[in-house]
Amino acid sequence: MMRMSSLAARLYATTGTSVARLDETPSGWTVDVSLSGSGAQCLALDPADPDTVYVGLAAGGVRTTTDGGGTWADRGLAEEQVFSMAVSAADGAVYAGTEPSALYRSNDDGETWQELESLLELPSRPTWSFPPRPWTSHVRWIAPSPHDADTILAGIELGGLMRSTDRGETWQDHRPGAQPDVHSLAWHPRLRDRAYEAGGGGAAWSDDGGDTWNPADDGRDRHYTWSVAADPDDPELWYVSASSGPFAAHGRGDPQAHIYRRRNGGWDALAGGLPDPLPSMPYALVASTGRLFAGLASGELWESRDRGDTWQQCELLGEKLGRLLALAAVAD
């Protein structure tokens with residue numbers, strides 16, 4: 001039987017212009033918006049403190065709150081366009097990835113930053129290129145292992161999936177079997193060496209700490225995958241969102257998108273109350289114990305409480321959200 005949380009949930013989201021805190025109530029989800037007009041692009045929740053969130057601004061800089069979004073402080077990198085953030089559950093280190101591609105680490109909650117320069121010394125670097133802006137690239141995702149502070153995965157859009165085993169001091173170039181156009185990465189919170197990828201050419205998984213990867217695309221009719229999430233109780237159960245290609249996913253037309261579930265080695269396109277196909281790209285998937293959330297480019301939030309079999313749209317109370325680009329859930 002699926003375990004259900006008896007606690008009300010809390011989510012944080014970025015919209016591309018602001019940050020939203022969403023709190024579950026009996027009548028719906030209250031929406032509290034902050035950092036309006038900031039260009040909030042990405043976020044990372046401190047696993048040790050549900051009130052501490054780091055937000056990266058595409059316009060430049062990092063902001064952090066320690067009171068659940070009530071107030072925000074500048075945490076530097078003002079000259080950098082920040083595209084990815086992460087907080088290590090293993091040692092609390094904070095990471096920020098930028099465009100042009102660079103990676104920074106802070107060991108003091110964002111007070112100071114150290115550039116991890118060896119990432120830019122990889123042999124593949126001259127080939128890194130983001131198609132809409134081919135003269136540049138960015139660190140699209142950072143995934144520190146929750147089990148080992150030394151192991152970090154970093155995804156370059158478009159350039160490869162890189163791996164470090166010494167907290168980012170040195171790096172291994174693009175890992176065999178992984179997608180080079182990395183969109184999102186995840187670790188399983190319980191199975192030490194299991195990791196997952198969603199990329200521009202498909203999805204993949206690793207069972208050796210991100211050293212090598214196994215493609216996982218048979219059975220899906222859409223291969224432009226964007227977000228990935230893993231069920232915290234079952235490492236063989238994971239999800240991706242996908243569209244037919246980048247123009248469909250990010251253009252102004254219908255993306256014809258689906259959320260897919262991988263279970264027992266095969267993929268299922270999920271419906272069960274979801275529009276089929278989805279007319280708005282699911283940019284963010286978050287799986288927690290007994291619950292799965294999908295944040296859409298339209299600003300809609302959807303939820304499943306039975307591992308994707310059935311879905312319902314969440315009622316958002318308050319300011320309308322134009323987009324949901326990133327989601328983070330406070331752990332039960």
Side-chain angles (χ1 to χ4, degrees), residues 1-13 20 22-31 45 50 146 184-191 194-198 203 205 216-222 225-243 255-317 321 324 326-332:
M1 178 178 292
M2 181 174 62
R3 288 192 290 136
M4 298 297 293
S5 171
S6 60
L7 300 176
R10 185 199 305 174
L11 301 171
Y12 294 96
L22 294 83
D23 288 283
E24 188 177 26
T25 72
S27 58
W29 293 75
T30 61
V31 178
L45 179 65
S184 58
L185 300 164
W187 291 92
H188 196 269
R190 298 181 184 177
L191 187 59
R194 182 63 60 89
Y196 313 86
E197 178 195 13
W205 60 277
D217 295 313
D218 289 346
R220 280 198 336 271
D221 61 354
R222 288 160 173 78
T225 62
W226 188 259
S227 186
V228 64
D231 185 281
D233 294 325
D234 182 357
E236 305 304 325
L237 177 59
W238 49 293
Y239 309 86
V240 296
S241 61
S243 182
Q256 297 281 303
H258 279 301
I259 298 171
Y260 293 89
R261 175 181 60 200
R262 185 170 178 85
R263 184 164 57 183
N264 301 322
W267 290 103
D268 297 310
L270 302 179
L274 284 173
D276 183 15
L278 284 158
S280 182
M281 188 66 189
Y283 277 139
L285 301 177
V286 174
S288 60
T289 300
R291 307 181 78 168
L292 175 64
F293 296 97
L296 274 55
S298 62
E300 295 178 4
L301 179 69
W302 289 76
E303 177 192 4
S304 173
R305 297 195 178 206
D306 52 14
R307 292 184 165 91
D309 285 338
T310 61
W311 293 78
Q312 61 182 3
Q313 186 175 351
C314 300
E315 184 175 1
L316 303 183
L317 309 172
L321 301 176
L324 290 175
L327 283 177
V330 174
D332 293 339

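With hydrogens and angles ignored, the 3.5 Å screen pairs a side-chain donor or acceptor of Ser241 with a backbone N or O of Ser227. Within the 3.5 Å criterion, the main-chain N or O of Pro235 finds a donor-acceptor partner in the side chain of Arg194. Side chain of Ser184 to backbone of Trp226: a donor-acceptor contact under 3.5 angstrom is found. Judged by distance alone, with hydrogens and angles left aside, the side-chain atoms of Asp234 form a donor-acceptor pair with the main-chain N or O of Glu236 at under 3.5 Å. Tyr12 contributes a side-chain N or O that, together with a main-chain N or O of Pro50, makes up a donor-acceptor pair within less than 3.5 Å. Arg307 places no side-chain N or O within 3.5 Å of a backbone atom of Arg261 that could act as its donor or acceptor partner. For His258 (side chain) and Val240 (main-chain N/O), no donor-acceptor pair under 3.5 Å exists by modelled atom type.
Distance check, rounded to the nearest 0.5 Å: CG of Leu292 to CH2 of Trp311 gives 3.5 Å. In this structure, CD1 on Ile259 lies 9.0 Å from CE on Met281, to the nearest 0.5 angstrom. Atom CG of Leu296 is separated from atom CG of Leu321 by 12.0 Å, given to the nearest 0.5 angstrom. In this structure, CZ on Arg222 lies 14.0 Å from CG on Asp217, to the nearest 0.5 angstrom. In this structure, the separation between CG on Asp268 and CZ on Arg220 is 12.0 Å, given to the nearest 0.5 Å. For the atom pair CG (Leu301) and CD (Gln312), the distance works out to 10.0 Å, reported to the nearest 0.5 Å.
Using a 4.5 Å heavy-atom threshold, the side chains of Ser280 and Glu300 count as separate. At a threshold of 4.5 Å between non-hydrogen side-chain atoms, the residues Thr225 and Glu197 do not count as touching.
With sequence neighbours excluded, the residues forming a side chain to side chain contact (heavy atoms under 4.5 Å, CB included) with Ala216 are Trp205, Trp238, Arg262, Trp267, listed by chain and number. Listed by chain and residue number, Phe293 satisfy the ring-ring contact (aromatic ring centres under 6.0 Å, His included) test with Trp29 (two or more places apart in sequence, or in another chain).
Between Ala13 and Leu22, the shortest heavy-atom distance links the atoms CB-CD1, 4.2 Å. Considering every non-hydrogen atom in both Glu315 and Ser27, the closest pair reads OE1-O, 3.5 Å. Counting all heavy atoms, side chain and backbone alike, Ala329 lies closest to Val286 at CB-CG1, 3.5 Å. Here the closest heavy-atom approach between residue Ala294 and residue Leu285 is recorded as CB-CD2, 3.7 Å. Shortest non-hydrogen contact noted between Pro255 and Ser243 is O-OG, 2.6 Å. Scanning all heavy atoms of the two residues, the minimum distance from Pro232 to Ser288 falls at CG-C, 3.7 Å.
Inspection of the Ser304 and Asp306 side chains reveals an N or O donor paired with an N or O acceptor under 3.5 Å.
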